[in-house]
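Structure first, then comments.
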Amino acid sequence: MIEKQHYRHRSIRLAEFDYSLPGAYFITVVTHGRACVFGEIGENVMILNEFGNIVKDEWQKTPLIRPTVGLGAFVVMPNHVHAIVHILEEPIISNIVTTHSAPNTVEAYSYTPLPRPNVSETNNVGFYSPSRTVGAFVRGFKGSVTKRINELRALPGAPVWQRNYYEHIIRPDEDYLRIEKYIYDNPLNWLKDEENPFQTR
């Protein structure tokens, strides 16, 4: 299991890093007030409710809306989403949604895994294209989910998410495999998860 303090709560972007560069990123998006609105954990499995299924549906749409974004491992939890996002060199030319949910999630989906791109260890400064950055993707995803959930519950303008998100730039495979495992194991560790408002130690 990866160390939470090393990978979590990194909400400040690196000033000199170009988040449109090809690479892999671990992101966490948390609900407003850490409210558990997407479902519940039952017998170590995430059971999505109607709002949780909206989150899953909007996540799966990503490669169709943003062909330069590919999805790796991910899981929808009661009050947050963990995921690996790939910013790709070339657009995906396919109608297949390439997304991998945690295997212990109810109705886990099949996927076509993407190659794991290496991110340079050097300080990356390059052409900045806002439409293909990690931040642009997260904002679009959060906005789509918020719109659909608020239409369903007839609460226009109500917040669904925290204003920011957490990210970790994934370095070569030493990080990638541990982060994948962390995502897959998240439902199993819900009782001790720091995002769980009822966590036990």
- Message: Any side-chain to backbone donor/acceptor pair from D193 onto N186? Under 3.5 Å, distance only.
- Response: no

- Item | Parallel, tilted or perpendicular: ring planes of F141 versus F137, cut at 30 and 60 degrees | parallel

At their closest point, which heavy atom of [X] faces which heavy atom of [Y], and how far apart are they?
| X | Y | value |
| --- | --- | --- |
| N196 | L191 | ND2-CA, 3.8 Å |
| H86 | L71 | CD2-C, 4.2 Å |
| A83 | F74 | CB-CB, 3.6 Å |
| V75 | I183 | CG1-O, 3.6 Å |
| I87 | T133 | CD1-C, 4.4 Å |

- Lys/Arg-Asp/Glu bridge criterion (N-O < 4.0 Å) met for E58, K61: yes

For [X], check side-chain contact (heavy atoms from CB on, under 4.5 Å) against everything at least two apart and list the hits.
| X | result |
| --- | --- |
| V37 | T31, A35, F51 |
| Q162 | V30, R34, Y166 |
| L155 | N150, R153, A158 |

- Message: Is there a side-chain contact between C36 and M77 in this structure, where contact means two heavy atoms from C-beta onward sitting under 4.5 Å apart?
- Response: no

- Message: Does E167 form a side chain to side chain contact (heavy atoms under 4.5 Å, CB included) with V138? I'd like the steps, not just the answer.
- Response: CA-CA 11 Å; E167 105 289 321; V138 173; over 6 Å; no

- Output the distance between atom OH (Y182) and atom OG1 (T28), rounded to the nearest 0.5 Å. 6.5 Å

- Taken to the nearest 0.5 Å, the spacing of I170 CD1 from I27 CD1 works out to 10.0 Å

- Flag if over 12 foreign heavy atoms under 6.0 Å of CD, E50: no

- Query: Testing I41, N44, D185 for side chain to side chain contact (heavy atoms under 4.5 Å, CB included) with W190, which one passes?
  - Reply: I41

- Message: Which residues pass the ring pair (Phe, Tyr, Trp, His ring centres under 6.0 Å) test with F38, not counting sequence neighbours?
- Response: W161

- Item | With sequence neighbours excluded, residues passing salt bridge (charged side-chain N to carboxylate O under 4.0 Å, His left out) with E40 | none

- Task: Verify the cluster assignment for L152 and V55: are they in a single hydrophobic cluster under the rule of side-chain heavy atoms below 4.5 Å apart?
- Result: yes

